Amino acid sequence: MDELILNLKREIIEVLNLEEVKPEEIADDAPLFGEGLGLDSIDALELIVLMEKNYGIKLTDPAQGRELFKSIRVLADYIRENRKK
Amino acid sequence: MQGGIFVTGAGILSAIGKNKQETLGALRERRTGIGPLRYLNTSHTEFPVGEVQWSNEEMCRILQIPDTAVTTRTSLMGLIAAREALDQAALPDKRAPRVALISGTTVGGMDKSEQYYLDFLENDTRNAYIAAHDCGACTEMIADYFGIFSTVETLSTACSSAANAILLGAMLLREGRVDAAVVGGCECITKFHLNGFNTLMILDREPCKPFDACRAGLNLGEGAAYLVLETAASARRRGVTPLCRLSGAANTSDAFHQTASSPDGEGAYQSMAGALAAAGLAPEEIDYINAHGTGTVNNDLSEGIAIQRVFGPRIPPVSSTKAFTGHTTSAAGGVEAVISILALRENFIPANLRFSNPIQELAFTPATGDEAVGTLRHVLSNSFGFGGNNTSLLFSKIE
Amino acid sequence: MQKDIYIRAACQISAQPPLSEEWLDAPVRYSEPYVRAMDPDYKRYLEPNVARRLGKLLKRAVLTARRVMEASGVACPDAIITGTGLGCIENTGVFLNALVREGEELLKPTSFMQSTHNTISSLIAIDARCHGYNSTYAHKGISFECALLDGYLQLKAGEASTVLVGAHDEMTPEYFVLLKRAGYLGGAPGGFGGETAVSMMLGRQRAGSLCRLRGVEIAYRPSADEAGRILNGLLQASRCSLDAVDAVMIGTNGHPRNDAVYAEMCPVLFPGKPLLRYKHLFGESYTAPGLGVYAAATVLHRQRIPGHLFVHAPGEAPRNIHNILFYNQFEGKNHSFILLSSCGE
């Protein structure tokens with residue numbers, strides 16, 4: 001597994017308390033919200049904090065977050081392009 | 001059901017005025033209280049707020065409380081508003097010996113806790129403020145200043161706290177538990193909840209635009225407001241002139257999400273419908289709705305849909321006065337109850353400031369304040385809290 | 001219409017074995033000053049997607065609420081009312097510590113969202129999908145009684161026929177230190193700072209109920225005379241006399257300042273009555289009275305007062321327990337009286 005993707009999955013599991021979920025159970029292209037992991041708007045806000053804390057990416061519009069959190073792969077690609085940490 | 005409950009006093013303190021008279025003037029002249037931060041010590045100066053234009057020291061002086069006394073900004077504001085309400089209702093009065101104080105707050109003494117928290121943990125220098133931290137302490141500071149209350153309770157249902165205090169006061173009166181009840185709430189802006197709302201990304205960096213398609217969040221406000229409630233019989237016996245009647249009220253739960261309102265506004269629908277039912281009024285009898293209208297994308301749409309569900313094609317003038325005061329959180333139910341009563345008595349519709357673009361999903365636009373209204377007879381006020389704590393209050397002219 | 005009001009069911013998580021009445025016969029004794037609740041294995045009871053974001057206090061609240069709803073056969077109570085002195089103080093502490101230590105950036109929304117007091121009642125409503133009346137009282141040591149009074153009045157006024165009332169407070173290590181500094185805890189050996197999670201269902205159905213709830217009174221800074229008048233008013237309204245009260249349950253906890261008030265008030269208010277205690281089991285917290293009322297209701301239901309509940313060793317324990325008066329005071333300022341009777345009364 002891509003190292004960034006693996007790290008990202010671990011970080012998401014930790015910050016969202018997804019105790020029952022293992023990194024390999026999250027498909028790279030599966031939607032994180034609604035169907036997939038069943039995350040909600042508060043999780044999106046937690047992920048926005050995670051983006052800033054771990055990768056130095058500051059999002060000011062929650063709508064932008066919704067685009068990026070479509071799947072782990074979309075998120076990882078965005079981080080690769082824009083990370084400051 | 002609440003037929004016999006009269007409002008015989010009201011007091012208010014917010015960014016637009018330090019009493020009812022100043023508040024009325026600002027509403028009439030469309031002077032907003034939203035502006036740059038002045039009193040709160042925070043790094044988030046990018047957010048406009050609705051602050052009460054008094055320092056704590058100034059409030060202490062007005063109340064003749066020594067600077068050295070243990071006070072919190074929330075309780076000082078509460079004292080000023082409660083005093084105005086008590087004065088108007090001519091309380092204390094031997095003919096109404098059992099008076100309740102029921103106050104709503106959530107942050108309580110957080111303004112001091114966030115300042116002294118490391119001292120709390122490490123040394124004994126600020127112990128008096130540990131005891132002043134909780135919500136009940138804030139209410140008791142108000143109670144002990146006046147020394148006239150036989151029942152003292154604190155409600156904490158986030159942004160509907162003060163509205164629920166009003167609801168409880170009516171219940172205690174109907175059940176004959178007290179002779180009069182001072183009901184409402186108080187809340188100062190703290191770093192704690194300014195930052196909290198910021199983490200939820202619902203603070204507007206510009207003055208807020210409730211019910212506008214381009215709304216981008218809320219501005220925090222602060223303040224306090226109290227009503228004096230008593231039965232019609234008690235008001236008559238004491239010879240006080242009632243301001244209006246609390247004709248109905250309802251508390252419901254949206255039961256949807258910890259911070260978001262449901263898309264169909266179910267809780268809001270039920271609280272408005274419940275208040276109408278309690279008052280025995282039909283939707284078309286309502287002359288004005290003072291909406292919760294925070295200015296967040298989620299609230300205004302959800303509340304707007306709920307209003308449409310209750311009122312159908314005949315929606316009375318609706319405005320959110322949070323564009324004047326900011327969102328005074330736990331005090332909002334009290335602040336907006338007093339504003340609703342001012343509108344009812346003076347027969348005018350407070351403007352929904354800064355509106356320009358209709359929300360596409362809604363069939364109505366908020367009041368401009370220029371509506372030709374005759375006599376207002378019944379006014380509805382909404383207050384909704386996090387977690388779906390929804391309360392609607394109905395005030396009616398005494399005829 | 002049946003006017004009487006009953007406590008239909010109750011469930012606790014505290015320093016005693018959780019979700020059980022083991023404390024009656026096999027109380028766990030503590031000598032340390034600070035004891036956290038014995039948590040059950042929440043994974044057995046709460047779905048992962050419900051539990052994952054919740055702190056301990058919220059898990060306790062949801063679980064005890066579900067249990068009493070199940071036990072009383074009420075899927076959605078007409079009203080949900082919580083008393084909590086400090087609300088979700090663990091989350092409050094997390095957010096506050098981050099704020100004062102690390103500044104106003106990168107704070108976490110979840111801890112803020114779950115720091116407000118009303119999170120408890122609203123979460124229970126979300127969990128059970130109840131759109132009814134929902135409220136929260138946060139008033140120091142009488143937070144629970146304010147909630148119980150509201151629930152009692154809702155039933156009495158006919159606005160509800162089932163009311164879920166809860167008492168919930170957690171005690172973090174940090175807050176234990178703070179409350180000791182404030183002089184509220186840790187005054188003497190014998191008492192401990194504890195945690196409270198108790199839910200109870202009020203309703204009108206007598207069959208299977210724990211006890212009757214005859215009346216609730218609260219008062220602020222009453223004189224001894226006024227307190228006596230309030231107590232007499234409660235007894236009269238319930239057509240009960242002090243003679244018919246079998247025992248009085250009080251909140252002594254080994255803290256000199258607290259116990260002195262009871263020592264002063266009890267001989268005046270209820271001379272010669274057997275006194276019962278509960279804080280030796282559950283410790284002190286703002287809403288500990290919720291556990292006291294639960295203990296009194298359990299005693300009435302089981303018709304047995306275990307010896308360890310008596311403040312003074314009894315000459316002879318009452319054989320039939322008809323009425324228990326519950327009396328709580330907080331720092332001599334807030335006082336409450338609650339009259340409970342066996343279902344047969």
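In this text the structure is predicted, and so the values were computed from the model without any measurement. Residue numbers begin at 1 in each chain, while the letters A, B, ... track the order of the sequences. Keep in mind that the numbers below use all heavy atoms, side chains included, and drop hydrogens, waters and symmetry copies.
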Exercise for review: Could you walk me through whether C/Trp23 and C/Tyr278 pass ring-ring contact (aromatic ring centres under 6.0 Å, His included), step by step?
Suggested key: CA-CA 10 Å; C/Trp23 55 268; C/Tyr278 59 95; over 10 Å; no
Check your understanding: With respect to C/Thr84, which candidate in C/Thr287, C/Asp169, C/Thr196 satisfies the side-chain hydrogen bond (donor to acceptor under 3.5 Å, both in side chains) definition?
Key ->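 Filter result, single survivor: C/Asp169.
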Is [X] close to chain C through its backbone or its side chain, or both, or neither, when contacts mean heavy atoms under 4.5 Å?
X       : answer
A/Glu52 : both
A/Ile48 : neither
A/Glu19 : side chain

Check your understanding: In terms of heavy-atom pairs under 4.5 Å, which option from A/Leu50, A/Ile42, A/Leu45 contacts chain C the most?
Key ->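 It is A/Ile42.
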Review point. What is the minimum heavy-atom distance between C/Thr162 and C/Cys76, and which atoms define it?
Key: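 Of all heavy-atom pairs spanning C/Thr162 and C/Cys76, the closest is OG1-O, 4.3 Å.
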Check your understanding: Quick one: do the C/Asn97 and C/Glu102 side chains pair a donor with an acceptor below 3.5 Å?
Key ->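 Side-chain D/A pair, C/Asn97 to C/Glu102: absent.
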